[in-house]
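In what follows, chains carry the letters A, B, and so on, assigned in the order in which the sequence lines appear, proteins first and then strands, with residues in each chain numbered from 1.
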Amino acid sequence: AQTVTQSQPEMSVQEAETVTLSCTYDTSESDYYLFWYKQPPSRQMILVIRQEAYKQQNATENRFSVNFQKAAKSFSLKISDSQLGDAAMYFCAYRSYYAGGTSYGKLTFGQGTILTVHP
Amino acid sequence: DTAVSQTPKYLVTQMGNDKSIKCEQNLGHDTMYWYKQDSKKFLKIMFSYNNKELIINETVPNRFSPKSPDKAHLNLHINSLELGDSAVYFCASTRDSGGAGSETQYFGPGTRLLVL
């Protein structure tokens with residue numbers, strides 16, 4: 001079974017600065033997907049960024065980028081030019097590439113990291 | 001125009017009661033999920049349905065019974081509610097239909113259940 005670990009329960013950053021959230025995972029699969037979801041106080045789960053394991057290039061979405069290290073099984077999220085609206089809980093999640101079988105596309109989540117943005 | 005909706009958003013009830021949470025998606029997706037987020041914010045899969053067929057049942061007590069009347073709906077019925085059932089329950093959907101895919105899961109707004 002896959003596991004996802006976020007070792008930073010809380011992080012803080014000054015507005016306009018850069019912060020990196022860490023995520024490691026354990027799997028025996030070679031093909032999979034990794035995601036970062038954001039959960040603001042409204043509790044809505046919002047997709048931030050997605051990475052396919054077979055792609056060597058790191059995914060980027062505006063101010064959000066990842067550092068995907070497949071051999072190290074590491075998937076960190078970098079938030080540049082942090083904004084007050086970035087304050088939320090961030091979850092790293094893993095999904096098998098193949099949607100069939102007992103995993104059937106389920107997401108396995110890390111414990112979450114609470115990000116505070118100071119003005 | 002909400003893609004994945006859940007009702008109710010909040011549910012307060014007494015121990016021993018039976019309650020249902022409803023989920024609907026208007027995205028035309030094939031697969032729907034129920035996740036539970038506990039008091040420590042940990043999210044864990046409970047069930048998955050694909051085209052009305054139960055695919056995943058993650059060791060959830062049989063007091064929890066999902067039902068999918070059609071592809072767009074997945075409801076969760078909970079019998080004999082216990083204090084430990086207090087949590088936020090999220091519905092999600094994806095366009096996966098059995099093959100390899102990279103479809104993102106879209107989440108509903110969550111239902112906060114409080115059992116007194």
* Structure fact -> Applying side-chain contact (heavy atoms from CB on, under 4.5 Å) to B/T13 and not counting sequence neighbours gives B/N17, B/K19, B/L81, B/L113, B/V115

* **Ion pair check, B/R63 and B/E82, cut-off under 4.0 Å** => yes

* To do: Can you label the angle between the A/F68 ring and the A/Y25 ring as parallel, tilted or perpendicular, going by 30° and 60°?
  => parallel

* Asked: Does the ring center of B/Y33 lie less than 6.0 Å from the ring center of B/F90?
  -> no

* **Sub-6.0 Å ring centroid separation between A/Y94 and A/Y32** => yes

* To do: Identify which part of A/M89 has an atom lying under 4.5 Å from any heavy atom of chain B, answering side chain, backbone, both or neither.
  => side chain

* Asked: For chain B, which residues of residues 108-119 of chain A have at least one non-hydrogen atom nearer than 4.5 Å to it?
  -> A/F109, A/G110, A/Q111

* Give a yes or no on whether A/K70 atom NZ has more than 12 heavy-atom contacts from other residues, nucleotides or ligands under 6.0 Å away. => yes

